[in-house]
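One structure is given here, and the rest of the page talks about it.
No hydrogens, no waters, no symmetry mates; every other heavy atom, side chains included, goes into these values. Each chain gets a letter, A, B and so on, in the order the sequences are listed, and its residues count up from 1.
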Amino acid sequence: MVTGDSRLGLMVVAPLMGAIVSFALGRIVPRMAGVLASAAVAVSFALTLTLFGALDLSGEFTTSLSSWISMDKVSLPLELLFDKLSAVMCLVVTGIGFLIHLYAIGYMAEDEGRARFFSYLNLFIFSMLLLVLGKSLPVIFIGWEGVGLCSYLLIGFWFTNTEYASAGRKAFVMNRIGDVGFLVAMAILYTACGTLDVVELRKPEVLSRIPADLGFLAGLALFFAATGKSAQIPLFTWLPDAMAGPTPVSALIHAATMVTAGVYLMGRMSGVVELDPLVPAIILWVALATAIVAATTALAQNDIKKVLAYSTVSQLGFMFLAVGVGAYGVAIFHVVTHAFFKACLFLSAGSVIHGCHHEQDMRRMGGLWRSMPLTCASYGVATVAIAGIWPLAGYFSKHAILESVSSTHNPFLFEYAPTIGLLATLVAICTAVYMGRSFILTFLGSYRGEGHPHEVPLVMILPVLVLALLSISGGLYLDGSLVQYLQGPLPPVSVHGHEGQSVVAHLFGSLPGIVGIGVALALFMYLTGIKDVLRRALWPLERLFAGKYYVDEVFEGAVVKPVAGLSTIAFRSLDQAIIDGGGSSLGSISRAVGELTRRMTSGQVTTYLLGMLLAVSILFVVFGEVR
Amino acid sequence: MSSLLGYLGLSLLLFVIGAIGVCIRRNAIVVFMCIEMMLNAVNLSFVTFSKLLGNLDGQIAVFFVMVIAAAEAAVGLAIIISVFRNVASVETSDAAELKW
Amino acid sequence: MDFNSYALSLLILVPTFGALVCLGPWFPKERGAEACRWWAVLVSALVLALILALVKGSLVEPNATLSMEEARTWIPSFGITYHLKLDGLSAVFVVLTALISLVVIAWSARPKQGHRAWYALLLAGEASVIGAFLATDLVLFYVFYELMLLPVVGGLALWGGARKFTAALKFLLYTVVGSVLMLLAIIYLGWSGRALLGSGEASFAFEITTLSSLQLLTAQEEVWVALAFLIAFAVKIPMVPLHSWVPDTYREAPHGVAAFTAALLGKVGIYGILRFMWPLFPTFMVQVAPLLAVIGAVGIVYGALVALAQKDIRSLLAYSSVSHLGFCVLGIASISEMAVTGAVFQALSHGLVTAALFLVFGAVIDREGVRDFESLGGLAPKLPWVAFFLMVFSIASIALPLTSSFVGEFLIIIGSWASFPQWTLLALFGVVLGAVYTLTAYLKIMFGAPRPSSETGSRGDLRGTDVVLASALALSIFVLGLFPQRVLSLIEGALQPTFESRFASAAHAVEGISPNDNPVDQAGALPVVSAKDTANHDHLSLDSRSL
Amino acid sequence: MTFMGFVLAVCAVASGIGVIGFRNPLYSAFSLVANLMTMAGLYALLDAHFLAVSQVVVYAGAIMVLVLFVLMLLNLKVEGGAKLGLMRAGLALTAGVLILVTGLKPIMEHFSSVPAITLRENATKTVGDVASIGEQLFGRYVVQFELSSLVLLIGIVGAVMLAKRKHVQLAPRSVFGEAE
Amino acid sequence: MNALTPFAPILTLSLGSLGYLLGGKFMERTKLTALFACVVVGVALYLIVGAVDTGPTIVHGLVVNPFSRLLALLACAGALVSIVGSASSLRGEEIEMTSEYYFLMLTSLCGALLMVLASDLLTLFIGLEVASLALYCLCGARVAKRASSESALKYFLMGSFSSAFFLYGIALWYGATGTLAVVSEPRVVVSSSPLLMLSFLMMVVGMAFKLGLAPFHFWVPDVYQGAPTSVTTYMSCVVKVAAFGALLRLSIESFVVPTPWSTGVLWLIAVLAMTVGNFAALQQRSVKRMLAYSSVAQAGYMLMGLVAFDGSSDAIAAVLYYLIAYSAMTIGAFMVLSAIGPDADDLDDVRGLGKRSPFLATCLTVVFLALAGLPPGLAGLIGKVYLFAVTLSNEFYGLAIIAALNSALSCAYYLRVPAAALFQSAPSEVALRLSLPTKVALLVCAGAVVMLGVFPQAVLDLATNAAAVLSAH
């Protein structure tokens, strides 16, 4: 173990500096902002690579940023830990982050607020690095909240549109609700174990200090936190709304990195999560439900980014499936591959939007393969990848998840394993269908929009191509090895790679994806009549899907309205009427009494004299007889 | 000696009558006269006590009370005249500008 | 003449003198305004420099404990002394006072008329608040405690809004009713002190260390006396349901005075509980802790809920203050060293944040001429600096990490979980609501399409000095958020003696009323006691405690 | 109480009631004169001869003449009968009765414990003739006697100040005084 | 010669007042009336300071001891300050017969001194009447003003009425003890005989009237408002001092309180006074009436000390300290009004005072804050602290709490005056010009209000010393 490596600190600080510098300098030379910000991320990426290279030789790296809270008996330093898990995450964050920064230079070239944008983006990278590098839960929480803030700022980047700004607020608040879980977990763990250090919290002797019921609660609270950040039921509706932000943001934050923080957290705190086997079971069911709901909803969306957003939610559900069965490594594997192809998808979609003059509705696209061939190619590759078709990246990770689900040992899940497997496979098919649909609607057929779509500049297409390449090769390269690599920080997983398998087996494994894409082709390209028949037959379902399961409405009715009502009641009935009114009425009562006593002095001296006589007589009566 | 105690009772009675008069009459001069009557009632007590106790202090007190009553009369009547000049009445109910 | 023996008095005298000078004829009506401002800035900067010089040593040295005293006789026959003391606890608040005063004074926006009175009031307010933070004699404390009303009432009455007199009266009555009861309690204590001191020179004793060293009151007396203190401080802090002066006062007061009041006055309540109630009524404090926890947690949620329903910027800030200070109450109630330290830190941080918010929101109100955020909107492009600082301080207000508020709230939550998990959980919902109303307000004011109608009364963005001042506040918020440890140990050093000497015995005394009978739980409720044995080098290990 | 005393007492009460009962202040004044005279009689019965004489001279002679003079000077009308509130009278009567009831017992009973023989002895000791009163006045009470002159002086000066008028300005002046 | 020293101040005042009868015309012409009064009171003050204690054998009705000396001193000082301060306002009040005016003022002071120095009840009563009769006339000194004569009439009628009660009390005391001396031989405890109790009640009624304690307070607002402000200034201090001196001495020396019974009586009156006074003052727009009601309340606070009297000197010392502080406050408050103008009364007249005369506004603020018990008027605060202290230490918790709440309530109306003066705009912007004596007197009052709080020890010692005389009995 190496302590105090300055590279680690620099890696984190570089984007922060980038944020400040690009903000300050960017106001003066707007064009420089993107370059500066990208450079900062590049530095981080480079440092990550060097550290990653050194990891095998020297074990883990730690460094301390600040002693933060250090009192007599309480010590909560700001320390960073670079182990294999954080290394992988860092590579994803800085690597893909760098690509997206590059892309954004082109994408945001026309925007007035570029400096602000890149500054936020860099700030995000900084926060995300803190999150994945945090050695103790408070540090992770700092990053956790930091990315939430950046997400808020970037979703509402075009703040003159109140809807966008509201979407940002929604994201933040939903995340905040989740954060309650994080804080509760920290409180429980600290109270029980006296430490919040993630390394400590992996040790069985430390974990054994947690009483059983609290262990359950802590695990659940952590998962609750993760549902907020990673858009799982019940806190997932913010993610589709978050598409209000610029597309690079969607790619970076709401697809590749931030939303996977929940998965990362589960992995980091696997010891706590698994204290009570009921917690993983809950995670699994929630994840499955999320995957299904999101996938079906994606079927009925027309906004290209919304489709991708629901797809992300659904894929995150897949990751949590792995978490639920204890296959953290596999989950991380899917995080990585998902980062490749989803970032690619988003950036391509961004290019499409950019090329179509900010049109996002797929019904007004089509036939774009002619005008934007490279984008079309990348999007296609990524679609195949996410559909889970061999040999592209998605196949390996998704297959690994399905495999691990079927081999679960969790007492609460054991007997349901086949059902879960079946449902997960259905979701996989569904994924392929909606992705296929989006590809078909966007790139095939004939152009239905107005104006002339055009291919995007090189600085935008290059990152997309790199990501497409990664989507193709990433799975092959990382299959098995990544899960193996993560065995140290994460609990061992029984799933193995696919090395020995034949092509036929692979193709058989890709069957869901192939079927899905086939269905999509059938329904949306060749046999559109059937689509209409189906649509008529299954209209309630379509309604449900198109209406996003009415989750927003339910949330509005079950949470927002009651809170608003409660707030009005608290203000009007309680605060103004009773508390304030009580005080005021005390005031008016005393004024009235004052008026009364004042009127006793009527000006009539006879009355005064009578008053005095009466007073004397009362004194006599009251005190005269007393002995 | 019950006769002497009777004087004490009479004194109290007269005092109370005077006090009641003070409270029910509105003519300032009559009120003043009632007060004089109250003082007189007290004087009777003084004299009676003096008799009962066998010392002359009570009677001396009465003497001084008379002096004071005389001065009071002078002052009081002057005040009443002064009020009469301002209000054109000696009814206390007319001199009720100051109130509340 | 030794500087140190006068240093503490100087902290009070310098601003007093400054205030008197402000009133003099040398700052004439038209031309003297800026000169008067600079004079006041100079004086308050001097005070800040002075207190920083006094505190510096213990901030730099890791293990130095801060303790300065100045004691003089005042009314010997009555046992009333002029006794000032600067320790970690008071130092934190005095620094806060000096800083906030400087910022409020230097802030360019001030009422159009009456600059002399404005600066004199602010300086006098600074002097009295510092006095309250330094006094250890109860009567002296009371004097300063009442003097603090001066800037608020004066500010309200001179420059307040339409309903200023109602607001001033309400403020006054609430605080005075509370404080008069406290005065009775103080006197009762002082009298009890006489009973035990025997036939000394002084017939009464009001000095806190003397008083707290004696077990003066019977259990029942303690309840009544402590209750009187508690009510007074509860009004000041303010605790729900004694808060209804807050919205009126904050709504009607001029920005500077509102900032001053919100940032500093309530802190005296918190300080008072820790400085006076803790050492004097340890048993009571342990007994009342569950109630305080409920009040604190309910206050957090209640304040946040009510804030949600506000349309007026100032009312929103008022209720958000109620909500945020609920954390302090919760922290104090938990009687865990961590949470209490957190509570003090939270108080400090709230002072910085809320003053900043009042000033920057004040800039919005000044420029737009309206204050209910339904009629504001889209200001961000027009007022970039305001938007920037408002965002920074809003973030700090909702306690995002790396801001000082986070440190406070974090410590409170973690620390009080051991004692009151259910109320801590409730408090956490306040955190969520806090984000909702803060961001909603920000959204409504800053975001959205710019409104052409709001162009009237526009005076441009923040001025240079204001930017510097706001930056200073922001910087201190982040520095405290990132490097809180020195300040924390300063606070801790001051609190620890009380903890160790008083609460150990008090906890045993009230063992019967503890929610659980398990001895482990007892230790859990008072982590300090158990932590001594189990603390290792890096981490504080606590005995587990079941829900 | 001797027969004479009883008669005088009845007269005193009757004239007292007359003072407060007559609507015409003049009749009240005459009743008061009567009352004062009965008092003088009572003093005489109580061996306070000097006081009895003074009573007639000072009260009936001086004070009442003054009162009557003022009454005549101001030419006062009869007090409005309708205005005499019944409630007020009732309250005053109640209060008076209460005082009487609560006061009478302690006053009357105080000397009941004193042996009658002592009281009779005491009674013989106090004869308020001019000599004995004069001795006291110019002996023990000389200071008070001198001070009483001050009282009378105040009466004179006060009356002068209040009743004498110089040039009266009737036009009201402004609250804030005038620039001189 | 020593035997005569108690008379020296009395003699000075009476001879001084005679001086007005002899040289009044001359003094009026040369405008020396006020100066002469000041000189006389000054000499009297000096003589009081120099007066040696009379021993246990009391000759000719006067007693000098630290207690009576302190009160006499206070009365004289109060009179001096109010005479100095209001000398220049007589003209505005249209009081043209200044020599008579000062004659009456000196004689009433003389009466007040008699009240505190008297060793027998006869002297006390004469003093009471001297003081009262002179004040009745003084109240009507603005002969052409209706309110003035009305207040004189009211004061006169009610004062005489209450005097009758007081006199009856003396008669009953005489009947019960066989003596007219303040201190009976042997001393009798009030609750030992019903007659004494009756006597005590009667005397308390008489004194409560003079002090304006509820329910005998009806005259206070009308008289304070109607009388010339200069007289109100004088009266609010001197009468209170004298009556409190008399009440304390009667209660403690004559009736040997405390007994549970007498405490009950006084408790009730104190509570009634502070409550009625404060509530009635709450809604006043007339500052003079408001101050009048407040004086009712303040008298209630002071009575609290007597209620709490337990035989030790603390309680009485508290009353004395508060009396001293209160004198300064009330003189200051009324003097500010009379400095504004002869008819300044409504809150509107005070408005914008800060602009018209900053000095006056400052004095007003200090004094009113002191009345409310708020710093920087520390005297009020310390005085209240002391009173509360003795009340609490003798376990009158209810009384203390009532008083505390009352004093909180009182802030509501006290502070309206400085608020109006400082924070509201003036109806007229004319700057006020104050005469030098007024300024000096105001400065003395405001200074005393602050300094009595900052350096209270000397005064506290004095008060404790004085109180020790009473508690020694």
Once you round to the nearest 0.5 Å, how far does CG of L609(A) lie from CZ of R26(B)? 13.0 Å

The reported gap from OG1 in T606(A) to CZ in R25(B) (rounded to nearest 0.5 angstrom) is 10.5 Å

Need one label for A28(B): side chain, backbone, both or neither, based on atoms under 4.5 Å from any heavy atom in chain A. neither

How about CD on E553(A), more than 12 heavy atoms from neighbouring residues, nucleotides or ligands closer than 6.0 Å, or not? yes

Gap separating the CG atom of L613(A) from the CD1 atom of I24(B), nearest 0.5 angstrom: 11.0 Å

Taking V31(B), I20(B), T92(B) one by one, which has the highest count of heavy-atom pairs under 4.5 Å against chain A? T92(B)

On a heavy-atom basis, the closest approach of A96(B) and G603(A) is CB-O, 3.3 Å

Check whether any side-chain heavy atom of Q604(A) sits under 4.5 Å from a side-chain heavy atom of S93(B), and report yes or no. yes

